[in-house]
Amino acid sequence: MSEHWDAIVVGAGTMGVAATLELARRGKRVLAIDRFGVPNDRASHHGATRFFRTAYFEHPDYVPLLVRAREGWARLEAESGERLFERTGMLLIGPRGGAIVEPTIESAKAHGIEHEVLSRADVRARYPMFEVAEDSIGVYEPGAGCLACEKAIGAMARLARGRGATFLEHTPVVDWSADARGVAVRTAGQTYRADKLVLTQGAWSGELARELGIKLRVTRQVMFWLAPPGDGPSAPPGLPVWAVETKAGADSEEDAGGVTFGFPLVLGEKGLKTCSHTPGRVSDPDALDREVTDADERPIRAFLSRHAPALDTARLDARVCMYTMICDEHFVIDRHPRHENVVIACGFSGHGFKFAPIVGATLAYLLLSDGFGPPHFTLARRASA
Ligand SMILES: Cc1cc2nc3c(=O)[nH]c(=O)nc-3n(C[C@H](O)[C@H](O)[C@H](O)COP(=O)(O)OP(=O)(O)OC[C@H]3O[C@@H](n4cnc5c(N)ncnc54)[C@H](O)[C@@H]3O)c2cc1C
C-alpha cells in the first residue's frame with residue numbers, strides 16, 4: 001500500500017471507527033489501523049452492552065452532546081439496518097447529597113429531559129430487587145437504555161468500508177511523525193503516508209499523554225455476568241439499566257461503597273451484567289491481568305448481598321476490561337498543539353462509549369476545518385486547570 005491517504009486513523013476502536021466513518025461520509029479516503037481486530041475483546045469496548053443516558057451527573061455540559069449522539073446512533077441504526085439501541089429506562093439510586101442522583105436530577109431539569117424523582121418508598125415499591133438505604137432516593141430516565149457495543153463498532157466499520165475506507169487489522173502502529181507536508185505512520189513492516197492523522201488509541205494513549213503533559217491512568221475493570229433469578233427474557237420483570245451509589249459497609253471490608261451498575265437481559269446479553277464503577281488496579285494495557293479471581297468477585301458479592309440480594313445469583317461468566325482515567329474524568333478531544341494536521345481523543349474515563357457518534361463528528365470537523373473544538377475538552381483548558 002504505497003498510496004497517499006487523505007487521513008490515517010491510529011486505533012480503530014470506539015472513537016477511531018466513529019471518526020473513520022465520519023471522514024468517509026465526507027468523501028475522504030481513510031486508512032484505519034488497529035493492533036487487534038475491529039471490534040476486539042482486548043481494548044475498552046467489549047462486553048456486549050454500554051449505557052446510554054442523557055441526564056448526566058458527570059456535568060450538565062455533556063447533555064447537548066448526548067442529544068447529538070442519540071441522533072447519531074439513530075442514524076447508524078437506520079443506515080446499517082441493525083438494532084443497536086434498546087430503550088430500557090435507567091434507574092439511579094443514591095444518597096441525598098451524593099455523586100449521582102441529585103446531579104442527574106439537576107442536569108435533567110436544566111435541559112428539560114424527561115425524568116421521575118423517586119422517594120425511597122417509590123423505589124422499593126417499583127424495584128423490589130433493590131434494598132434502598134435510609135438516606136437514599138432514586139431518579140428514573142425513561143429514554144435511557146443500552147447500546148450494543150461490539151455490534152455498533154462492527155456496523156460503523158461496515159458502513160465506512162462501504163464508503164471506501166480501508167481497515168488494517170492486527171497491525172500495531174509503532175511510530176508516527178508529522179510536518180506541514182503531511183504525516184507518516186510506521187508499523188513493523190511499512191510506512192503509510194497521509195495528509196492528516198487521527199490518534200484514538202484508548203488505553204494505549206500513555207506515550208502521547210506524557211508528551212502532552214496529561215496524566216492518564218489505565219485501570220482494570222471486571223465485568224460479571226450473573227444468572228437471571230427468574231424465567232423469561234428480561235427477568236427479573238421491570239429491571240432497567242441501573243446504577244447504585246452506596247457508602248462503605250460498617251461490617252465488611254469488601255463493601256467499600258461507590259457506584260455499582262448493571263444491565264437487564266437485552267441485546268443478546270448472556271446474563272445480568274454487573275460491574276463496579278470504582279477505578280480498579282492501575283495496569284499496563286500490554287500486561288493486563290485478565291484472570292478473574294475470587295478476590296475480584298468479593299466486592300460485587302458484598303454489594304449485592306446488602307443492596308440487591310435478589311440479584312445475588314450464580315456467576316455465569318466474568319471478563320476484564322479497562323478504563324482510561326484522566327484526573328477530572330472529562331475527555332480530551334482536540335488538535336495536537338504542535339501539529340495542525342493531527343487530532344487526538346483520549347481519557348474517556350469509563351463513560352465515553354455513548355458519545356462515539358459525536359466524538360467521531362467532532363474529530364472529523366477538527367481535522368477538516370480551521371474551527372475550534374468544544375472548549376470543555378481542549379488541552380488549553382487542561383493546562384489552566
Ligand atoms: C467495564 C466497562 C464498562 C463501561 N460502561 C460504559 C457505559 O455503560 N457507557 C459508556 O458510555 N461508556 C462505558 N465504558 C467506557 C467506554 O467503553 C470507553 O470510554 C470507550 O470504549 C473508549 O473508547 P476509545 O476509542 O478511547 O478506546 P477503545 O475502544 O479501546 O479503542 C482504542 C483502540 O486503539 C487501538 N490501538 C491502541 N494503540 C494502537 C496502536 N499503537 N496501533 C494500532 N492500534 C492501536 C486498540 O487496539 C483499540 O482497539 C465502559 C468501559 C468499561 C471497561
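Model, not experiment: these values are computed from the prediction. Residue numbers start at 1 and run along the sequence shown. Counting starts at 1 for both ligands and their atoms, in listed order.
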Geometry only, no angles: is [X] polar-contacting ligand 1 at N/O separations under 3.5 Å?
{"X": "H351", "result": "yes"}
{"X": "K354", "result": "yes"}
{"X": "Y323", "result": "no"}
{"X": "G352", "result": "yes"}
{"X": "V173", "result": "yes"}

- Query: If you measure only the distance, is there a donor-acceptor pair under 3.5 Å linking the side chains of Y56 and K354?
  - Reply: yes

- Would you say the side-chain atoms of E329 and H59 include a donor-acceptor pair closer than 3.5 Å? no

Give the residue and atom name of whichever protein heavy atom lies nearest to [atom], and the separation in Å to one decimal.
{"atom": "atom 31 (O) of ligand 1", "answer": "G13 CA, 3.3 Å"}
{"atom": "atom 15 (C) of ligand 1", "answer": "G350 C, 3.5 Å"}
{"atom": "atom 30 (O) of ligand 1", "answer": "S44 N, 2.9 Å"}
{"atom": "atom 47 (O) of ligand 1", "answer": "D34 OD1, 2.6 Å"}
{"atom": "atom 20 (C) of ligand 1", "answer": "T14 OG1, 3.7 Å"}
{"atom": "atom 43 (C) of ligand 1", "answer": "R35 N, 3.1 Å"}
{"atom": "atom 5 (N) of ligand 1", "answer": "R50 CD, 3.2 Å"}
{"atom": "atom 27 (O) of ligand 1", "answer": "G202 CA, 3.5 Å"}

Ligand 1 versus [X], non-hydrogen atoms closer than 4.0 Å: side chain, backbone, both, neither?
{"X": "R42", "result": "neither"}
{"X": "I33", "result": "backbone"}
{"X": "F353", "result": "both"}
{"X": "T200", "result": "backbone"}

- With a 4.0 Å cut-off on heavy atoms, is G47 touching ligand 1? no

- So is T171 close enough to ligand 1, meaning a heavy atom under 4.0 angstrom away? yes

Which of the ligand 1 atoms, numbered from 1, are nearer than 4.0 Å to a heavy atom of [X]:
{"X": "M322", "result": "53 (C)"}
{"X": "G11", "result": "33 (C), 34 (O), 35 (C), 36 (N), 44 (N), 45 (C)"}
{"X": "M223", "result": "1 (C)"}
{"X": "F36", "result": "47 (O)"}
{"X": "P172", "result": "42 (N)"}

Any side-chain heavy atom of [X] sitting closer than 4.5 Å to one from [Y]?
{"X": "H115", "Y": "K109", "value": "yes"}
{"X": "D135", "Y": "R96", "value": "no"}
{"X": "Y192", "Y": "I33", "value": "yes"}
{"X": "T166", "Y": "W5", "value": "yes"}
{"X": "R35", "Y": "R42", "value": "no"}
{"X": "D312", "Y": "R301", "value": "yes"}
{"X": "E269", "Y": "E86", "value": "no"}

Minimum distance, heavy atoms only, to [atom]: which one of [options] is it?
{"atom": "atom 37 (C) of ligand 1", "options": "H170, Q201, H46", "answer": "Q201"}
{"atom": "atom 24 (P) of ligand 1", "options": "Q221, M15, R53, H45", "answer": "M15"}
{"atom": "atom 38 (N) of ligand 1", "options": "F51, F348, W176, W204", "answer": "W204"}

- Query: Which of these passes ring pair (Phe, Tyr, Trp, His ring centres under 6.0 Å) with F353: F51, W73, F52, F348?
  - Reply: W73

- Query: Is there a donor-acceptor pair closer than 3.5 Å between any side-chain N or O of E245 and the backbone N or O of I100?
  - Reply: yes

- H351 and F355 aromatic ring geometry - parallel, tilted or perpendicular at 30°/60° bounds: perpendicular

- Task: Might you point out which heavy atoms bring R29 and H4 nearest each other, and give the distance in Å?
- Result: NH1-O, 2.9 Å

- Message: Between K28 and D195, does the salt bridge (Lys or Arg N to Asp or Glu O under 4.0 Å) criterion hold? Intermediate values first, please.
- Response: CA-CA 11 Å; K28 299 299 167 192; D195 291 339; over 6 Å; no

- Item | Check: F130 ring centroid to W242 ring centroid under 6.0 Å | yes

- Query: Less than 4.0 Å between a side-chain N and a carboxylate O, is that true for R161 and E169?
  - Reply: yes

